[in-house]
2 protein chains.
Amino acid sequence: MTLLDPVPETARSVGGAYDDVAEDIELRTPSGSGSNRERGADRGRSTARGRRLPRHARRMQLLGAARDVFVAQGYHAAAMDDIAERAGVSKPVLYQHFPGKLELYLALLDQHTQELVGRVEEALASSHDNLRRIERSVGAYFDFVDDEGGAYLLVFESDLRSEPEVRRRVEQSLQACVDAITRTIAADTGVNEDEAELLSVGLCGLAEVGARWWLGSGGTVSKERAVELLVSLAWRGIAGSPRRSVPDSGFAR
Amino acid sequence: MTLLDPVPETARSVGGAYDDVAEDIELRTPSGSGSNRERGADRGRSTARGRRLPRHARRMQLLGAARDVFVAQGYHAAAMDDIAERAGVSKPVLYQHFPGKLELYLALLDQHTQELVGRVEEALASSHDNLRRIERSVGAYFDFVDDEGGAYLLVFESDLRSEPEVRRRVEQSLQACVDAITRTIAADTGVNEDEAELLSVGLCGLAEVGARWWLGSGGTVSKERAVELLVSLAWRGIAGSPRRSVPDSGFAR
DNA sequence: ATTGGACACCGATCTTTACCTCCACGAGGG
DNA sequence: CCCTCGTGGAGGTAAAGATCGGTGTCCAAT
């Protein structure tokens with residue numbers, strides 16, 4: 001039950017630093033425990049598994065492996081054995097870097113919520129034109145979702161929302177996006193603070209669900225066109241959508 | 001770790017039928033296993049637990065208890081013991097009605113996805129005026145989320161999306177809402193099928209995330225006002241939102 | 001160059017938790 | 001009055017999170 005691509009690991013796995021150190025690791029055959037253990041003989045050839053890594057490099061590599069496994073299987077279905085195996089290390093190593101499964105997950109979650117919020121804030125800061133800002137913000141959601149690794153699943157579809165710390169982080173990431181939009185976009189609408197915030201929430205919801213749906217719809221619509229359509233909806237509304245000529249009377253108000 | 005309201009059970013728990021049969025059940029003390037077991041003595045007084053119920057009634061009652069526990073704790077944290085205890089029966093009874101935990105969860109999930117889809121379809125069929133339809137559809141999401149019992153969590157925040165059957169049902173419920181809106185609302189916009197669908201997705205996302213956010217925001221905005229604002233966004237767009245008078249020039253395009 | 005020490009790693013195991021069934025007991029029909 | 005069916009508590013089992021003693025390797029100082 002691998003369920004994962006062979007082992008990307010060549011690509012920048014998580015942070016970008018120290019990543020090149022951990023190439024050419026190799027997964028052992030999953031069932032090869034106890035039967036064909038190499039003893040003495042080709043020990044010292046290091047089986048490509050016993051590569052010693054500096055602490056930080058190992059940590060980064062573990063985070064990458066954990067991301068792959070958590071994304072592919074979800075928190076609960078992912079076993080620490082799977083992550084260790086994916087990383088090409090044994091379980092104790094994992095526990096030398098993270099106190100437990102939850103902490104590992106939280107570290108990962110923090111990474112990716114920050115990435116989303118960062119993208120949105122960047123999009124909002126990239127222009128003074130509000131339509132442009134909307135376009136770029138929705139685009140940020142799409143890019144986030146479309147990013148290699150599928151880490152968006154950790155933020156948008158995390159199981160483990162029963163865990164308060166996870167829930168807090170997920171909700172906080174939405175709230176951060178909402179606040180950013182509220183501050184920069186809705187500042188000049190005539191509604192009060194709470195109501196401007198609600199509009200921003202609507203926008204985030206539109207972007208999030210739209211992006212996820214687009215990703216799962218298998219490329220029948222290009223990303224650019226999808227963003228354009230959603231932005232059109234957000235900007236001009238349904239009433240402003242282009243109507244096809246309706247011969248049989250105005251029924252659409 | 002009860003984490004649940006004492007035992008609602010008086011309110012219509014799931015289907016409405018047979019529910020009055022199963023009142024006055026009582027939760028046993030959670031840690032009272034093995035210590036203070038009543039033996040022989042007051043047996044026969046039936047402890048209010050041994051109430052025999054017709055099969056269908058029992059099933060409904062079990063579903064109600066399962067809903068409470070799954071909503072309060074999530075799928076993984078919920079134990080079958082908890083559900084049985086909540087329902088005031090023993091575990092074998094549970095397994096006589098459902099083959100396993102998963103099937104129980106799926107039955108519950110089906111109930112509530114159908115409820116959401118039904119509400120939306122009803123909203124769309126309740127008028128011929130498209131603005132009204134939007135209003136009622138967004139309202140349907142809010143009502144669904146605001147409904148007693150918090151069953152929306154099963155649909156919108158289910159852990160266990162790693163289970164294919166669960167994922168399928170959740171995605172299908174969104175898709176059903178999208179299709180319904182696509183058919184009735186977006187039929188007269190000039191975009192093609194796929195693109196109209198994407199607009200509907202945006203609308204669903206706006207409604208879903210908006211409703212969930214509103215629910216968690218603690219009533220700073222009334223439900224009606226929240227719906228009104230989101231509908232305003234969906235119908236007229238951001239550009240159509242009421243502007244406050246901006247003396248310092250048109251910066252907002 | 002050698003050697004000592006510290007660090008990193010591994011196989012194997014322990015334990016807990018929670019899903020899912022087996023032996024005794026009490027209420028409704030012939 | 002007797003039989004059957006449903007109920008109750010105790011247990012088996014399997015998986016997965018967390019850990020221990022032993023081993024190999026890298027670095028630096030003499």
Side-chain angles (χ1 to χ4, degrees), chain A residues 1 21-22 25 28 31-59 61-62 66 69 73-85 87-105 160, chain B residues 1 25 28 30 32-55 57-59 61-62 66 69-70 73-85 87-105 160:
Chain A
M1 192 212 267
V21 192
I25 66 173
R28 284 189 343 191
S31 62
S33 161
S35 64
N36 54 355
R37 290 160 46 197
E38 69 284 4
R39 273 264 161 243
D42 61 354
R43 264 307 178 79
R45 199 59 208 95
S46 88
T47 82
R49 185 178 184 178
R51 283 282 290 274
R52 285 169 71 112
L53 258 60
R55 191 164 176 78
H56 192 233
R58 181 63 82 193
R59 181 188 164 91
Q61 193 229 355
L62 290 176
V69 175
Q73 311 200 226
Y75 178 83
H76 290 98
M80 291 297 265
D81 303 77
D82 298 343
I83 296 171
E85 180 175 310
V89 300
S90 67
K91 246 188 311 181
V93 181
L94 215 48
Y95 284 93
Q96 283 162 5
H97 285 264
F98 302 96
K101 193 184 182 184
L102 177 60
E103 287 77 11
L104 174 56
Y105 190 78
L160 204 64
Chain B
M1 195 212 266
I25 65 174
R28 285 187 343 190
S33 162
S35 63
N36 56 353
R37 292 158 43 197
E38 70 282 7
R39 270 265 160 242
D42 63 352
R43 265 303 182 79
R45 198 57 210 95
S46 88
T47 81
R49 187 176 185 177
R51 284 278 290 278
R52 285 166 80 110
L53 259 59
R55 186 163 180 81
R58 181 63 82 191
R59 180 187 166 91
Q61 194 228 356
L62 290 177
V69 176
F70 281 138
Q73 312 200 223
Y75 178 83
H76 291 98
M80 291 297 265
D81 302 74
D82 298 344
I83 296 171
E85 180 174 309
V89 299
S90 67
K91 254 187 302 183
V93 184
L94 214 48
Y95 285 93
Q96 282 162 6
H97 285 264
F98 302 95
K101 192 183 182 185
L102 178 61
E103 287 78 11
L104 173 55
Y105 190 79
L160 206 66

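The chains referred to below are lettered A, B, ... by the order of the sequence lines, with proteins before strands, and numbering in each begins at 1.
For the pair B:Glu85 CD and D:dG8 P, the interatomic distance rounds to 12 Å; values are reported in whole Å. In this structure, the CE atom of A:Met80 is 21 Å from the P atom of C:dT13, given to the nearest Å. Separating the CD atom of A:Glu103 from the C1' atom of D:dG17 is a distance of 12 Å, rounded to the nearest angstrom. Taking atom CZ on A:Arg55 and atom P on C:dA6, their separation rounds to 17 Å, with Å as the unit. Protein atom NE2 of A:His97 is 8 Å distant from nucleotide atom C1' of C:dA8, rounded to whole Å. Rounded to whole Å, atom P of C:dC19 lies 10 Å from atom NE2 of B:His76. Summarising the geometry, the separation between CG on B:Leu94 and P on D:dG9 is reported as 14 Å, rounded to the nearest angstrom. Between the C1' atom of C:dC7 and the CZ atom of A:Arg59 lies a distance of 18 Å, rounded to the nearest Å.
Residues A:Val69 and A:Ala78 come closest through the heavy atom pair CG1-CB, 3.6 Å.
Between B:His76 and A:His76, the two ring planes are parallel [angle under 30°; tilted spans 30° to 60°].
Residues B:Pro92 and B:Lys101 both approach DNA chain C. Their nearest nucleotides, taken by heavy-atom distance, put B:Lys101 toward the 5′ side. Taking for each of B:Val93 and A:Ala78 the nucleotide of DNA chain D with the nearest heavy atom, the 5'-most of the two is the partner of B:Val93. Projected onto DNA chain D by closest heavy-atom contact, A:Asp81 and A:Gln96 fall at different nucleotides, the more 5' of which corresponds to A:Asp81.
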ask   = Where do A:Arg55 and A:His97 land on the side chain to side chain contact (heavy atoms under 4.5 Å, CB included) test, with the steps shown first?
value = CA-CA 8 Å; A:Arg55 191 164 176 78; A:His97 285 264; 3.7 Å; yes
key: Verdict with reasoning, A:Ile83 to A:Leu62, per side chain to side chain contact (heavy atoms under 4.5 Å, CB included)   = CA-CA 8 Å; A:Ile83 296 171; A:Leu62 290 176; 5.6 Å; no
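Distances shown here put a side-chain N or O of A:Tyr95 below 4.0 Å from the OP1 or OP2 atom of D:dA18. OP1 or OP2 of C:dC9 has at least one side-chain nitrogen or oxygen of A:Arg58 nearer than 4.0 Å.
For A:Lys91, whose side chain is taken as the heavy atoms from C-beta onward, the closest listed nucleotide among C:dC9, D:dT7, C:dT13 is C:dT13.
Of the possible donor and acceptor atoms, none in the side chain of B:Lys101 sits under 3.5 Å from a partner among the backbone N and O of B:Ala79.
Among the heavy atoms of the strands, none lies under 4.0 Å from B:Ala77.
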